[in-house]
Amino acid sequence: MFVQLYNTLTRKKEQVEKPLVRIYSCGPTVYNYAHIGNFRSYIFADILNRTLKLAGYSVEHAMNLTDVDDKTIKGALSLVQENPQKFANLKEALLAYTKPYTEAFFDDLKTLNVTRFDHHPRATEHIPAMLDLVERLIKVGVAYEQDGSVYYRISEKKDYGKLSKIDLDKNKTGTRYNTDEYDKDDIRDFVLWKAESKDGVHWHSNHGDGRPGWHLECSAMIHEIFKGGIDIHTGGVDLIFPHHENEIAQSEAAYGGSFVKLWAHCEHLLVDNRKMSKSLGNFYTLRDLLAQGKKAEVLRYFLLSAHYSQKVNFSEDALHQAEMGVEKFYSLWQKLERFKRHSAEASSTLKTASEGARLSFLTQMADDLNTPRALAVVHEYMREANIFLDSVGMSIAQDDWDEIHKTLLYFDTVLGLIALIPKTEISAEYIKLLDERNAARAAKDFARADAIRDELLEAGYKILDTKTGSHLEKL
RNA sequence: GGUGUCGUAGCCAAGUGGUAAGGCAGAGCUCUGCAAAAGCUCCAUCGCCGGUUCAAAUCCGGCCGACACCUCCA
């Protein structure tokens, strides 16, 4: 099946061509722990990756780590200040500063069951590629040096603004331009390479010591990793301008041709209906939320409950709704695992329903990653599966079991929830308690029976009384 | 000021020309000693006004409201 994805550049849904899809996703700046809003963007990349694979594509996926910029440099300088003797040079301090956040980032991705991408390039490891890009731009005449810094001349790019649809001449440019310290030919030009003294974090270049500007790394790394253009570039909506606009300008001027076929952007996550960002300070890191007792699988489900192109508001209420959804899914999964299997003939209606559900699920996902619709398919299927399981007593034909199992796993290929739920065997101790409770119940000692039920609940198990007996289920 | 997105039931959220998916919450019911789980039933005419059309939540125009980008930001 072909996947359709909304292209920010053309403002239309477009078909992603088979068989190989090369994707580059803007990753984190490793100067802090990433917040739940950041993770919306990474889970978006993850869902895209998983959906393409499920639909039969091959995927080569890169996500960068920005480890040199104003903020990381500031962090490195503060490390040096605290302990001047510790570092041989500033680059070492920079590495020391970014390392724990880099590790935390990978840990967090794992926590949220985000697919491990094929490449995770770091900016500091691709400085030569960036310098090469700068030289190319100078050579073709779209960049110029000014006091050791190199700028991109926007006036050389006729279609500058095509991604964000921004007409720079019409924009309110106001006071900021007058106070800007840069000595550029045109105030709108952006910096490719920043002059930096020997006392700062710097690399040698034809233009003296300096460091890369903000936009340079993605273009250079895409070129280096993929040896050409890519099919899909993802990121948050705030990157459309100027970051991605500048990437387009650089890459097209330096490498020729079109650089990215399809731009896909995910909307922001709001907290209390306000944009969440590091600078506003109203952000929760994943670690904060886990410390509050939120579960990773619930956060993941929550992030899938709204379409990626829509703003989503983070709230306790929304999280509760997600929690109920996850519980229902996992409850069915556990129920299925309890069933004994036999070799009777399979149910053709179940087979038809299961195949239909899988196809609908994929169809919804293939249509611009419509996760809310896909979740609706999951819920409808869960109802059918529950009805089926409740109708067959306590044992089931192996083929029927396989059919349900296969379908739930199929959904989970994209949802990625089951792997997040810790698997532990229900210990004999609790099984014994359950037996005791049922014995008390049979003896009409309901006080004792209910006391045991409360005890089990305390231990994290709920009792399910069914026609065919009582079972424990993990909460 | 420029650009763009959005406004669907108590809440979350799809649908984008043919008479409103799904979920959460709530109510009733089946089952149950009770409860839980599961299942069944009930629960909206789509911000406002006007237009186009046989037909509009869905297209067009106006208005109101919310948010975002234009500056570091997923």
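Residue numbers begin at 1 in each chain, while the letters A, B, ... track the order of the sequences. Worth saying up front: this structure is predicted, and the values here are computed from it rather than measured.
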Is [X] salt-bridged to [Y], cutoff N-O under 4.0 Å?
X        : Y        : result
A:Asp159 : A:Lys157 : yes
A:Lys294 : A:Asp288 : no
A:Asp189 : A:Arg153 : no
A:Asp454 : A:Arg437 : no
A:Arg453 : A:Asp450 : yes
A:Arg441 : A:Asp465 : yes

Determine the contact category for [X]: base if any of its heavy atoms lies under 4.0 Å from a base atom, sugar-phosphate if only primed atoms, P, OP1 or OP2 are that close, otherwise nothing.
X        : value
A:Ala318 : nothing
A:Leu239 : sugar-phosphate
A:Ile463 : base
A:His307 : sugar-phosphate
A:Leu269 : base
A:Glu473 : nothing

Could you state the atom-to-atom distance from [atom1] of [X] to [atom2] of [N] in whole Å?
X        : N     : atom1 : atom2 : result
A:Phe314 : B:C11 : CZ    : C1'   : 16 Å
A:Glu327 : B:A36 : CD    : P     : 13 Å
A:Leu270 : B:C6  : CG    : C1'   : 11 Å
A:Ile240 : B:C67 : CD1   : P     : 19 Å
A:Glu323 : B:C12 : CD    : C1'   : 15 Å
A:Phe241 : B:U71 : CZ    : P     : 6 Å
A:Lys13  : B:A14 : NZ    : P     : 12 Å
A:Glu267 : B:A14 : CD    : P     : 12 Å

Could you tell me whether the side chain of A:Asp412 and the main chain of A:Ile418 form a donor-acceptor pair under 3.5 Å?
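Confirmed, A:Asp412 side chain pairs with A:Ile418 backbone.
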On a whole-Å scale, what distance lies between the [atom1] atoms belonging to [N] and [M]?
N     : M     : atom1 : result
B:A13 : B:C46 : C1'   : 13 Å
B:G61 : B:U53 : C1'   : 16 Å
B:G10 : B:U16 : P     : 24 Å
B:U52 : B:G17 : C1'   : 12 Å
B:C24 : B:G18 : C1'   : 31 Å
B:C31 : B:G23 : C1'   : 24 Å
B:A74 : B:C40 : P     : 44 Å
B:C12 : B:G50 : C1'   : 32 Å

Could A:Arg116 and A:Phe106 be counted as a cation-pi pair, given that NZ or CZ must be under 6.0 Å from the ring centre and within 45° of the axis?
yes
Give a yes/no on whether any side-chain N or O of [X] is located under 4.0 angstrom from OP1 or OP2 of [N].
X        : N     : result
A:Asn313 : B:A66 : no
A:Asn386 : B:A38 : no
A:Asn370 : B:A14 : no

If you assign each of A:Ser309 and A:His215 to its closest nucleotide in RNA chain B, which residue comes earlier from the 5' end?
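In this pair, the answer is A:Ser309.
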Specify the residue among A:Asp390 and A:Lys311 whose closest nucleotide of RNA chain B lies further upstream toward the 5′ end.
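Going by which nucleotide is closer to the 5' end, it is A:Asp390.
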Should A:Leu409 and A:Trp333 count as side-chain neighbours, where that means a heavy-atom distance under 4.5 Å?
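Heavy-atom side-chain distance check passes, below 4.5 Å.
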Given Watson-Crick or G-U pairs with both distances under 3.5 Å, what dot-bracket string fits RNA chain B, with | for other-strand pairs and [ ] for crossing?
((((((((.[[[..)..(...]]].(((((.......)))))....[[[[[..)....]]]]])))))))....
Using a 4.0 Å heavy-atom cut-off to protein, can you give one letter per nucleotide of nucleotides 18-33 of chain B, 5' to 3': B if the base is in contact, S if only the sugar-phosphate is, - if neither?
---BSBBS-------B
Selection from B:A37, B:C69, B:A13 that lies nearest to any side-chain heavy atom of A:Ala306:
B:A13
Counting heavy atoms from C-beta on, name the nucleotide in B:A38, B:C67, B:A74 closest to the side chain of A:Ser41.
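From the listed options, B:A74 comes nearest.
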When the ring centroid of A:Tyr301 is compared with that of A:Phe329, is the distance short of 6.0 Å?
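So the answer is no for these two rings.
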A:Tyr42: which of A:Tyr308, A:Phe117, A:Phe105 passes ring pair (Phe, Tyr, Trp, His ring centres under 6.0 Å):
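For A:Tyr42, the ring pair (Phe, Tyr, Trp, His ring centres under 6.0 Å) test succeeds with only one of A:Tyr308, A:Phe117, A:Phe105, which is A:Phe105.
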Can you classify the ring geometry of A:Phe190 versus A:Tyr152 as parallel (below 30°), tilted (30 to 60°) or perpendicular (above 60°)?
parallel
